[in-house]
Amino acid sequence: MRNKFTNVVENKNEIKSKIINLSATLNLPKGTEAFISDVHGGYDRFSHIMRSGAGNISKKVSEVFSGKLMPINQMKLSCLIYYPSEVLKETKNKITDADELEQWYMDSFNNLIEMLRYVANKYPKSLVQKAIQPDFWDITENLLMIDTNFKDKRLYYQGLLSSIERLNMADDFIIAISHAIQRLAIERIHIVGDIYDRGSHPDLVINYLINHWQNFDIQWGNHDILWMGSMAGSKLCMLNLIRICARYDNLKLLNDAYDIDMTSMIKLARHSYRPLSNFDPKVDLTEISEEDRITDNCVQQAATIMQFKLEGQAIKRRPEFEMNDRLFLDKLSQDKKSVKIDGKDYPIENGCFQLVNPGNPYQISHPEQVVLIDLINQFIHSTKLNEHMWFMYDHGSMYLKHNGNLLFHGCVPTDEQGNFVKWKIDGRNYLGKDLSDYFQIILRDAMRHPTTGDCFNSDVLWYLWCGKDSPLFGKDKMTTFERYFIDDEELQKETLNPFYKLRKKEWYADRVKDEFGVEEEGHIIVGHTPDIDEENLPIMSKGKIIQVNGGRPKMEHNGGFTLLYDSYGMQLLQLKPFISLSTSLKDLNDVILKRKIVENSVERKVVMDTDRGDKIKQQIADLSAELND
Ligand SMILES: O=P(O)(O)OC[C@H]1O[C@](O)(COP(=O)(O)O)[C@@H](O)[C@@H]1O
Ligand SMILES: [Mn+2]
């Protein structure tokens, strides 16, 4: 008969076994973290990086199969893991002989299970189970546990595999195992900003994260702010966003992904503007229709002019932003063919100021106002946009401290001497960490209370996009006007904040680390600036600051840099440029061009040394206290 005493003992045993499991987890090797940034809507490339475990899968394949598989077959196995459905389809087309195909399935099963066993050994069983499609868990668990060195077990193992084939589950099983390997190859993914703009599918990047990754975080980039700000009702964020969408032939994205109907804008643009060469979309013009080119071109003009008008109003409303040098519409000559800057006249190339009223140049015309109201209301109310932007908010921050490292997209605004710059706003000075915290509070408030009026929050979010003391922008000015209309490189130049020179100095890196409370061994990991060359190497101040970046789409020499941080240390990976999925499959293209060790751990790092380890230790302490009650 059960009594109270038996229950207490059982309960205590349960607590004890939890403590034992948690303590064992503390000694597992630290999981691999991947840092990537500046995705810029390039979904295919992003998915290619994710599927390859940011380069970690081919590394692990070679660890497991060196000496057993030829390099070309290792590469084939990696590709099967990255793109199981595509490779399966291609293989079935290529191999027509039934026995040969069966052999291929057998080899693939064996190799995949071996890989799964290898990547799973860092995780407790519960996490491995989470990574595997539920209906395949039982079989997978059995296959993982079997030691094929024993003859009986080998027969059992082969039996399982042939039943999978016989029951026509082979393809689904291969796909499920490959996905599980993809997931387990990286424990946590950090996206160091700029998921949005320029590329055509930031929405798919977010959907991918929603569906695939439990473990990731986002540090917002300047471009992400445009999207979150638009949802919060900032018309300036929205106009910049629309201008960039038109500039990269992505207007369709607004309708397809976010149900935002651009008809009113397109009508106004096509009615009031004629195509001009400086507004042609920045894509291969032979790949888009003439209709789309004209629409992109005219919408870009309409959005640009409305942007300059509303910017003028904001600059005048907020003298504390110190952006008077961004006022141009009141400096146009009467015929609008030149502009006076610092007392000098510059000819305007391809002007489009027909909707600018010389008597009141920053005034929005009535037809423009109608379009603005229509669009901003759609942005605020788009269900999908709200879902994605809250997702960005909930998983994101201005900066993050994780496992001893500090992550942010841009910079800490600094003067030439290395002192953090004070930004005076609302009667207070903010600098360094406080400045970033301040922007985060404003963003949260703005998103919670969307409003289309010319409010303070919206103005601050626009400043975060392009103001000189914005930690996400990190440049002295955004020369959009000059770059569209004035053929003068000097005027078009945007100068980086001194942070970017100083970050090569160790003393300065230490100053930033101190400001954010980062420990001695910690690193600072940033994104944002894509220009990597001899002058600007990605590993700075003896590895204290590391630059990751997605590179520019289709750049031939630079596919960007990602960083892996595993139990053995940190490695910076230079990626091959991503051309397209079909090229990668055809050429069996891996992602990595070069690897560079940033740091080797003296001792292999284990979960105990990580933030997750701290949480587990706390859980153990709580359970132990319960035991002693
Ligand atoms: O490449 P585009 O479309 O001309 O955009 C250039 C603008 O983008 C910016 O570089 C900001 O974008 P990034 O954050 O990707 O650098 C501005 O400084 C610049 O004015
Ligand atoms: Mn950026």
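Ligands are counted one by one from 1 in listed order, and the atoms in each one are counted from 1 as well.
Side chains of Tyr248 and Asp296: no donor on one and acceptor on the other come within 3.5 Å. With 3.5 Å as the limit, one finds a donor-acceptor pair spanning the side chains of Glu33 and Asn403. At a cut-off of 3.5 Å, with distance as the only test, a side-chain donor of Gln378 or Asp374 sits close to an acceptor on the other residue. Looking only at atom types and distance, the side chain of Asn207 has a donor-acceptor partner in the side chain of His388 under 3.5 Å away. Side-chain atoms of Ser397 and Asp217 form no donor-acceptor pair, as typed in the model, at a separation below 3.5 Å.
Ligand 1 has a nitrogen or oxygen under 3.5 angstrom from a nitrogen or oxygen of Arg247. Residue Glu494 has at least one nitrogen or oxygen atom sitting less than 3.5 Å from a nitrogen or oxygen atom of ligand 1, judged on distance alone. Checked against a 3.5 angstrom limit, the closest N/O atoms of His223 and ligand 1 fall inside it. Residue His528 has at least one nitrogen or oxygen atom sitting less than 3.5 Å from a nitrogen or oxygen atom of ligand 1, judged on distance alone. For ligand 1, the polar-atom distance check against Asp38 finds no nitrogen or oxygen pair separated by under 3.5 Å.
If you look at Asp194 next to ligand 1, the close heavy atoms, those under 4.0 Å, all belong to the side chain.
Those atoms of ligand 1 that come under 4.0 Å of a heavy atom in Arg483, given as number and element, are 2 (P), 4 (O), 5 (O), 6 (C), 7 (C), 19 (C), 20 (O). Close contacts of ligand 1 with Lys282, meaning ligand atoms under 4.0 Å from a residue heavy atom, involve 1 (O), 2 (P), 4 (O). Which parts of ligand 1 touch His40 is read off a 4.0 Å heavy-atom cut-off, strictly below it: atoms 15 (O). Below 4.0 Å from some heavy atom of Tyr248 lie the following atoms of ligand 1, by number and element: 1 (O), 2 (P), 3 (O). Listed by number with element, the atoms of ligand 1 under 4.0 Å from a non-hydrogen atom of Phe473 are 18 (O). Ligand-side atoms of ligand 1 in range of Met478: 17 (C), 20 (O), range being under 4.0 angstrom from any heavy atom.
Nearby protein atoms of type N, O or S around the Mn ion (ligand 2) amount to 4 (distance under 2.8 Å).
Note on Glu494 versus Lys468: no salt bridge recorded, every NZ/NE/NH1/NH2 to OD/OE distance being 4.0 Å or above. Using a 4.0 Å cut-off between charged nitrogen and carboxylate oxygen, Lys544 and Asp510 count as a salt-bridge pair. Using a 4.0 Å cut-off between charged side-chain N and carboxylate O, Lys477 and Asp325 make no salt bridge.
Between Ser333 and Asp345 there is no side-chain heavy-atom pair separated by less than 4.5 Å. Side chains of Tyr508 and Ser541 form no contact here, defined as non-hydrogen atoms less than 4.5 Å apart.
The backbone N or O of Met398 sits nowhere less than 3.5 Å from a side-chain atom of His409 that would complete a donor-acceptor pair.
Judged by the shortest distance from any of its heavy atoms, Asn222 lies inside the 4.0 Å radius around the atoms of ligand 1.
Under the 30°/60° scheme for interplanar angles, the aromatic rings of Phe439 and Tyr463 are found to lie parallel.
For the residues Lys475, Glu482, Arg243, Gln492, the heavy atom positioned nearest atom 10 (O) of ligand 1 is part of Lys475.
Aromatic rings from His223 and Tyr196 are positioned such that their centres are separated by 6.0 Å or more.
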